[in-house]
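Because the structure is predicted, anything quoted here is derived from the model rather than measured.
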Amino acid sequence: MLKTVAMDQWVSTASSWVRILLLVTWVLLPPVLPLPGEVARGRQDNDVVNKFPSHDSREEHHSHSHHHHHHSLPPPLRHNTTRCVNGYLLDDLTCACHPCWDGSTCENYVDNYAPRFLVHAATAVLPTNATGVVYRAWSTDEDLGLTCPLGPGESARCPCASVTYQLFAAPGDRHFLLDPVSGIVTRNNETQLGAGASYTYKLMVQGTPVAGQMQALLYDLLDLRIYVSTDYVKKIPWT
């Protein structure tokens with residue numbers, strides 16, 4: 001009988017200690033976090049929850065990271081092109097322009113130097129029955145050699161050194177004709193020259209116009225006098 005009572009007291013004491021241990025364990029141990037997609041159970045500890053960002057805060061963090069990554073990309077290349085109007089494309093996607101052209105796509109025509117006559121006043125003496133060539137105007141343009149390299153090949157093309165000539169005469173005067181390319185003045189055989197007459201003209205040399213050109217044409221002027229002699233002895237040499 002005494003043994004049975006002692007046993008019952010021991011079991012009661014053990015049960016009390018077990019309950020105490022369970023209570024201490026529940027108080028001291030951290031809560032078990034739910035698995036992804038599982039609803040949380042039991043108490044919610046603010047300190048523990050704050051260590052794990054919510055869904056909204058994770059999205060905000062992801063958005064911030066993405067925004068920061070966007071700004072870390074290298075800036076786009078500037079002044080690069082895939083089209084060169086008057087030139088050719090280099091490996092770095094920039095244009096190498098032909099002579100007389102400039103700009104990011106070689107779209108700007110550039111004429112740096114005006115054409116110049118070798119002389120700016122000349123006189124020619126002719127007989128009354130003169131025919132053929134009367135005078136030839138000579139001019140130079142420093143674009144050829146400075147803007148454009150000398151020599152054969154594609155690099156020798158120099159539109160800004162190409163020139164044209166014009167002849168300005170008195171109204172109704174058609175005694176002489178001018179070739180606009182060569183600058184050669186010839187006799188118009190459909191008219192007659194007056195003995196002892198003197199004819200004065202202005203010759204102009206200017207750059208050749210280019211389609212879409214914004215720059216004004218550069219030019220130079222020459223005064224030409226042609227004298228008709230009945231006693232023709234010699235012609236003043238071309239200058």
Student: Within the 4.5 Å heavy-atom criterion, are I226 and V134 side-chain neighbours or not?
Tutor: yes
Student: Going through the checks in order, is the side-chain hydrogen bond (donor to acceptor under 3.5 Å, both in side chains) test met by S182 and Y165?
Tutor: CA-CA 8 Å; S182 65; Y165 297 90; over 6 Å; no
Student: Within the 4.5 Å heavy-atom criterion, are D220 and M204 side-chain neighbours or not?
Tutor: no
Student: Looking at side-chain heavy atoms only, is the closest gap between P115 and L218 below 4.5 Å?
Tutor: yes
Student: Considering all heavy atoms of both residues, which atom of A114 and which atom of D141 are nearest to each other, and what is their separation?
Tutor: C-OD2, 4.2 Å
Student: To the nearest 0.5 Å, what is the distance between CG on L224 and OG1 on T200?
Tutor: 9.0 Å
Student: In terms of ring plane angle, is the pair Y199 and F176 parallel, tilted or perpendicular, where the classes change at 30° and 60°?
Tutor: perpendicular
Student: Please report whether the ring centroid of Y201 lies less than 6.0 Å from that of F168.
Tutor: no
Student: Do the side chain of H175 and the main chain of R187 share a donor and acceptor less than 3.5 angstrom apart?
Tutor: no
Student: Between E190 and N188 (side chain of the first, backbone of the second, donor and acceptor by atom type, cut-off under 3.5 Å), is there such a pair?
Tutor: no
Student: On a heavy-atom basis, which atom in C160 and which in D111 lie closest, and how many Å separate them?
Tutor: O-OD1, 3.3 Å
Student: Do W138 and F117 make the cut of ring centroids closer than 6.0 angstrom?
Tutor: no
Student: How far apart are the C-alpha atoms of R116 and S139, what are their side-chain angles, what is the distance that settles it, and do they pass the side-chain hydrogen bond (donor to acceptor under 3.5 Å, both in side chains) test?
Tutor: CA-CA 5 Å; R116 297 293 181 190; S139 67; over 6 Å; no
Student: Does T208 reach the main-chain N or O of S162 with its side chain, forming a donor-acceptor pair under 3.5 Å?
Tutor: yes
Student: Do L178 and L193 sit in the same hydrophobic cluster, where Ile, Leu, Val, Met, Phe, Trp and Tyr count as joined when their side-chain heavy atoms come under 4.5 Å apart?
Tutor: yes
Student: Has N86 got a side-chain atom pairing as donor or acceptor with W101's backbone, closer than 3.5 angstrom?
Tutor: no
Student: In Å and rounded to the nearest 0.5 Å, what is the NZ to NE2 distance from K202 to H120?
Tutor: 10.5 Å
Student: Does Q215 CD have over 12 foreign heavy atoms under 6.0 Å away?
Tutor: yes
Student: Measuring from N112:CG to T147:OG1, what's the distance to the nearest 0.5 Å?
Tutor: 4.0 Å
Student: What are the two closest heavy atoms between A195 and T230, and how far apart are they?
Tutor: CB-CG2, 3.1 Å
Student: From T186 OG1 over to I184 CD1, what is the distance, rounded to the nearest 0.5 angstrom?
Tutor: 8.5 Å
Student: Let me check something: do V119 and L167 share a hydrophobic cluster, defined by ILVMFWY side-chain heavy atoms less than 4.5 Å apart, either directly or through other members?
Tutor: yes
Student: Please examine the side chains of Y88 and L90, heavy atoms only from C-beta on, and report whether any two atoms are closer than 4.5 Å.
Tutor: yes
Student: Between Q166 and P180, is any pair of side-chain heavy atoms under 4.5 Å apart?
Tutor: no
Student: Could you see if L126 belongs to whatever hydrophobic cluster contains L222? Use Ile, Leu, Val, Met, Phe, Trp, Tyr and a side-chain cutoff under 4.5 Å.
Tutor: yes
Student: Do the side-chain sulfurs (SG) of C148 and C100 come closer than 2.5 Å?
Tutor: no
Student: SG-SG distance between C106 and C95 under 2.5 Å?
Tutor: no
Student: Run the numbers on C84 and T105 for side-chain contact (heavy atoms from CB on, under 4.5 Å), then give the verdict.
Tutor: CA-CA 5 Å; C84 299; T105 60; 5.7 Å; no
Student: Evaluate the criterion side-chain contact (heavy atoms from CB on, under 4.5 Å) for residue pair N189 and T131; output intermediate values, then yes/no.
Tutor: CA-CA 7 Å; N189 295 327; T131 60; 3.6 Å; yes
Student: Find the distance between CG (L203) and CG (L221) and round it off to the nearest 0.5 Å.
Tutor: 9.0 Å
